[in-house]
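The structure presented is a predicted model; accordingly, all values stated were derived computationally and were not measured. Counting convention: from 1, in listed order, for ligands and their atoms alike.
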Amino acid sequence: MKELDGKVAVITGAGSGIGAALAAACAVEGMRVVAADVDAAGLETVVAGIASAGGEAVSQHTDVRSRDALEVLAERAWGTFGGCHLLCNNAGVMVNKPLLELEEADWRWILDVNLMGVVHGIGAFVPRMKAQGGEAHVVNTASMAGLSAFAAMGLGAYTASKFAVVSLSEVLAQELAETDIGVSVLCPGAVVTRIHESDRVRPTDLEDAAPSSLSADANPESVPGAQTAEETAQVVLRGVRENRLHLITHPEMKGVVEMRHRAILEAFDSAAADR
Ligand SMILES: NC(=O)c1ccc[n+]([C@@H]2O[C@H](COP(=O)([O-])OP(=O)(O)OC[C@H]3O[C@@H](n4cnc5c(N)ncnc54)[C@H](O)[C@@H]3O)[C@@H](O)[C@H]2O)c1
């Protein structure tokens, strides 16, 4: 989708970090923005910031774990701005525990937000975007942890959720190939945000009963080469304009992905040699 000016963007997880930066960047491009999050105060700040810069944005309290909430969000977008041309399924949370320490509540929370949030966004919006006609684009936020398995920092559940987002985005791109709806999957390396403080929005019914044994610092700011959320937002907008499927923020991490894929290809070679 080359032309963004005058179009409508709906962004989940827009109350902080990458989503907030995306909302601001879309508004700068002349898009009208529907900012969605469970963080009401964060949303208020983001919408006020866009308005004071001369842009147009509204907020909608949305828990992406609920399909009904995504339907309400879609109704808000169509009711307020008459449609949606850019859907960013971006809300996400992180848990830092080794696999054997993860409880069902950890899994439930991370999969319901990181994976089912994207599933619900696609389910509620894409049929409406198809019916609306014309160019549109879906961006699903995964992670570099969706392209390579990181045991460090107890990212097992997070990694599983992000691999799922990458694969479902690749399938969605194929399924929508004959339409005017493009699909991208954002795979950032470290970005300076509040992702390491995800517990601030953890639902009380899924509380963390047993804290992680890990003492690793999960703050992305401490990772060398961490970029700003504003830089990440620009990678997204370029990817939308150029209809790129995989959006990479840290090209220097190519070797990590190569290593994983090489190991898989070598397994094929071993299987062939075993025949
Ligand atoms: N920061 C990084 O280094 C990094 C790297 C790769 C991928 N990501 C991904 O980027 C996305 C954005 O995260 P961020 O880094 O900006 O973190 P962040 O914590 O600053 O922002 C995430 C936002 O999602 C919201 N959210 C959480 N649960 C929600 C729910 N149930 N419904 C609606 N909103 C909810 C939070 O309130 C918050 O505003 C996430 O999907 C994350 O996994 C981040």
For ligand 1, which atoms sit closer than 4.0 Å to a heavy atom of [X]?
{"X": "Ile18", "result": "10 (O), 16 (O), 44 (C)"}
{"X": "Gly17", "result": "16 (O), 20 (O)"}
{"X": "Thr141", "result": "9 (C), 10 (O), 11 (C), 41 (O)"}
{"X": "Thr62", "result": "32 (N), 33 (C)"}

Between the side chains of [Y] and [X], is the shortest nitrogen-to-carboxylate-oxygen separation below 4.0 Å, so that they form an ion pair?
{"X": "Glu71", "Y": "Arg128", "result": "yes"}
{"X": "Asp208", "Y": "Lys97", "result": "yes"}
{"X": "Asp199", "Y": "Arg194", "result": "no"}

Return yes if some donor-acceptor pair links the side-chain N/O of Asn96 with the main-chain N/O of Met153 below 3.5 Å, else return no.
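Looks like yes, one N/O pair under 3.5 Å.
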
Identify, for [atom], the protein heavy atom at the shortest distance, and state residue, atom and that distance.
{"atom": "atom 24 (O) of ligand 1", "answer": "Gly13 CA, 3.5 Å"}
{"atom": "atom 39 (O) of ligand 1", "answer": "Asp37 OD2, 2.6 Å"}
{"atom": "atom 8 (N) of ligand 1", "answer": "Tyr158 OH, 3.4 Å"}
{"atom": "atom 15 (O) of ligand 1", "answer": "Thr193 OG1, 2.6 Å"}
{"atom": "atom 31 (N) of ligand 1", "answer": "Asp63 OD1, 2.9 Å"}
{"atom": "atom 13 (O) of ligand 1", "answer": "Ile195 CD1, 3.9 Å"}
{"atom": "atom 20 (O) of ligand 1", "answer": "Ser16 OG, 2.6 Å"}
{"atom": "atom 22 (C) of ligand 1", "answer": "Gly92 O, 3.8 Å"}

Using distance alone, determine whether [X] and ligand 1 share an N or O pair under 3.5 Å.
{"X": "Val93", "result": "no"}
{"X": "Val191", "result": "yes"}
{"X": "Asp39", "result": "no"}

Taking atom [atom1] of [X] as the centre, report whether more than 12 heavy atoms of other residues, nucleotides or ligands fall under 6.0 Å from it.
{"X": "Glu221", "atom1": "CD", "value": "no"}
{"X": "Glu252", "atom1": "CD", "value": "yes"}
{"X": "Glu44", "atom1": "CD", "value": "no"}
{"X": "Leu100", "atom1": "CG", "value": "no"}

For the residue pair [X] and [Y], confirm or rule out a side-chain donor-acceptor distance under 3.5 Å.
{"X": "Glu231", "Y": "Thr249", "value": "no"}
{"X": "Thr12", "Y": "Asn90", "value": "no"}
{"X": "Ser66", "Y": "His120", "value": "no"}

With sequence neighbours excluded, tell me which residues meet side-chain contact (heavy atoms from CB on, under 4.5 Å) with His85.
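Partners of His85 under the side-chain contact (heavy atoms from CB on, under 4.5 Å) test: Met1, Lys7, Val8, Gln132.
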
Is [X] touching ligand 1 with its side chain, its backbone, both, or neither, if touching means heavy atoms under 4.0 Å apart?
{"X": "Lys162", "value": "side chain"}
{"X": "Val201", "value": "side chain"}
{"X": "Asn90", "value": "both"}
{"X": "Ala142", "value": "backbone"}
{"X": "Pro220", "value": "side chain"}
{"X": "Val113", "value": "side chain"}
{"X": "Glu197", "value": "neither"}

Just going by heavy-atom distances, which of Ala229, Ala190, Gly189 is nearest to atom 5 (C) of ligand 1?
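It is Gly189 that holds the nearest heavy atom.
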
Minimum distance, heavy atoms only, to atom 32 (N) of ligand 1: which one of Val64, Leu22, Val46 is it?
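Checking each option, the heavy atom nearest atom 32 (N) of ligand 1 is found in Val64.
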
Rounded at 0.5 Å granularity, tell me how far OG in Ser59 sits from CG in Leu43.
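Those atoms lie 5.0 Å apart.
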
Under a 4.5 Å cut-off applied to non-hydrogen side-chain atoms, are His246 and Glu170 in contact?
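Heavy-atom side-chain distance check passes, below 4.5 Å.
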
With a 4.5 Å limit on heavy-atom distance, are the side chains of Leu155 and Met94 in contact?
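A side-chain contact exists here, since the closest heavy-atom pair is under 4.5 Å.
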
Does some non-hydrogen atom of Met94 fall short of 4.0 Å from ligand 1?
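The answer is no: ligand 1 sits nowhere under 4.0 Å from a heavy atom of Met94.
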
